[in-house]
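Have a look at the structure below before the remarks.
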Amino acid sequence: MITAATQLIVDDPENGVFRVHRSAMTSPQIFEAERDLVFDHCWLYLGHESEIGAPGDFVRRSVAGRPLIFVRSAKTGQIRAFHNTCPHRGATVCRVDSGNTKVFQCFYHAWSFNTDGRLVGVPDRQGYGPALRVEEMGLQPVAGMESYRGFVFVTFDKYAEHLVDYLAGARDYLDLIIDESESGWEIIKGSHQYSIDANWKLLVENSIDGYHAVPTHDTYMKYLSSMGICVAGGISGRGRALGHGHAVMEYVAPWGRPIAKWEKQFGESTRLEIERLRARLVELYGAERAERMADHNRNLLIYPNLIVNDIQSVTVRTFMPTAVDHMEVNGWHLAPRAEIPQARALRLESFLSFLGPGGLATPDDIEALESCQDGFRSGGVEWNDISRGMTREPEATDEEQMRAFWRRWREQVSPQREVVA
Ligand code: FES
Ligand SMILES: [Fe+2]
């Protein structure tokens with residue numbers, strides 16, 4: 001039995017040992033502790049500015065189990081994030097996924113609020129005495145909302161550091177992705193929504209796990225081979241800790257990406273444009289950075305639960321735990337605003353057929369994660385081993401990325417010392 005969160009992780013670089021106790025994935029007490037100690041203090045991804053491009057545009061989101069409204073003011077065009085709960089008696093005020101409005105009206109007693117959150121309508125107002133202070137009864141903004149180059153985050157901790165500091169070394173990788181497009185980026189309408197019966201931290205690990213790519217995604221590898229693409233070398237590159245729990249694996253892989261590196265499976269009709277894009281990146285950023293942008297894949301973790309995959313397409317994915325062994329996953333597709341239709345088609349195809357919940361990769365990953373969670377129930381083994389690459393310069397197929405996550409997780413969860421497994 002483990003009695004302290006600090007004992008959930010064995011981190012011994014000298015001997016190349018890193019282990020995580022499986023109760024970190026199975027204990028309901030640890031799950032409860034994470035809500036307060038992790039999710040109520042970090043910056044969490046809310047959405048992309050392009051999702052609410054016009055004044056009055058809104059989407060509703062659930063972040064760390066809290067219903068929120070992400071809206072662009074119909075008056076000023078400013079973006080805002082509000083708690084989606086009526087200051088009257090609690091009902092969720094916004095009950096549709098997205099739209100454009102000047103006013104949100106609560107369905108329960110019909111109080112209404114403008115897109116700046118102000119209470120602007122109370123039926124039978126005279127029923128209240130002067131104590132009803134309209135200016136204090138608006139929608140409540142979240143404690144913090146900040147944006148980094150179009151990516152909007154919220155925090156429920158009013159003492160949180162600024163987002164730009166929180167992002168630490170992950171900023172450079174976001175820049176690298178965002179700079180790939182001169183026309184800016186937009187989230188393509190629609191999203192993938194699915195759930196996994198596994199602890200949320202297993203998807204963190206899986207999203208930055210190069211070691212599993214070839215064996216787990218065997219079907220995809222065979223598919224690539226059948227198209228004449230050589231998969232023998234697997235992936236190669238490196239894994240990095242980026243500070244504050246963020247991490248990345250950056251690598252070259254047998255599959256292609258429709259950003260400035262032409263591959264024969266893209267077809268001749270795309271060749272000229274993709275080569276032109278590459279020349280432009282070289283002009284703008286120099287040969288070395290252009291090569292990283294165009295040739296390298298990136299799986300970026302922004303602690304604790306945002307993944308930006310710059311691979312066959314650019315996926316923005318969050319996952320929210322609802323129980324120790326269950327999470328809800330949302331995946332969005334980010335694309336350059338201006339690109340040739342063939343490149344857009346390639347991206348959409350990859351987003352669906354590789355990364356989608358029914359695609360060539362995601363079902364494999366879900367199967368692997370649920371199988372781990374099931375394996376934990378068997379007992380008999382207490383620890384997961386996450387030591388790969390600990391005694392060398394970490395490669396993309398090593399586990400340094402995961403250790404970065406776990407070290408930060410331990411810092412946050414360790415004040416909760418009396419966690420009983
Ligand atoms: S709960 Fe919203 S108006 Fe009453
Ligand atoms: Fe995978």
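Heavy-atom basis, side chains included; hydrogens, waters and symmetry copies ignored. Ligands are counted one by one from 1 in listed order, and the atoms in each one are counted from 1 as well.
- In summary, His109 places an N/O/S atom under 2.8 Å from atom 4 (Fe) of ligand 1, meeting the contact criterion.
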Q.
side-chain contact (heavy atoms from CB on, under 4.5 Å), that's the test. Do His246 and Tyr166 meet it? Break it down for me.
A. CA-CA 9 Å; His246 316 310; Tyr166 176 85; 3.6 Å; yes
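- If you check the side chains of Ser50 and His48, you find a donor sitting under 3.5 Å from an acceptor.
- Looking only at N/O/S atoms, His88 comes nearest to atom 4 (Fe) of ligand 1 through ND1.
- Between His109 and His88, the two ring planes are perpendicular [angle over 60°; tilted spans 30° to 60°].
- Within a 6.0 Å sphere centred on OH of Tyr194, other residues, nucleotides and ligands contribute more than 12 heavy atoms.
- Against a heavy-atom cut-off of under 4.0 Å, Trp111 is close to the following atoms of ligand 1: 3 (S).
- Near-neighbour remark for the Fe ion (ligand 2): protein N, O or S atoms under 2.8 Å are His212 NE2, His217 NE2, Asp365 OD1, Asp365 OD2; waters not counted.
- Partner Phe153 forms a ring pair (Phe, Tyr, Trp, His ring centres under 6.0 Å) with one of Tyr303, Tyr45, Trp43 and no other, that one being Tyr45.
- Listed by atom number, the atoms of ligand 1 under 4.0 Å from Cys106 heavy atoms are 1 (S), 2 (Fe), 3 (S).
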Q. Could you go step by step and tell me if Phe113 and Ile69 meet the side-chain contact (heavy atoms from CB on, under 4.5 Å) rule?
A. CA-CA 12 Å; Phe113 307 86; Ile69 306 172; over 6 Å; no
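- Two residues are said to be in side-chain contact when any heavy atoms from C-beta on lie closer than 4.5 Å; His217 and Asp365 meet this criterion.
- Taking the ring axis of Phe107 as reference, the NZ or CZ atom of Arg95 stays within 45° of it and closer than 6.0 Å to the ring centre.
- Using the six-membered ring where Trp is involved, Tyr220 and Phe354 have ring planes that are tilted, between 30° and 60° apart.
- In terms of protein heavy-atom proximity, atom 1 (S) of ligand 1 is closest to Arg89 N, 3.4 Å.
- Applying the 4.0 Å criterion to heavy atoms of Cys86 picks out, from ligand 1, the atoms 1 (S), 2 (Fe), 3 (S).
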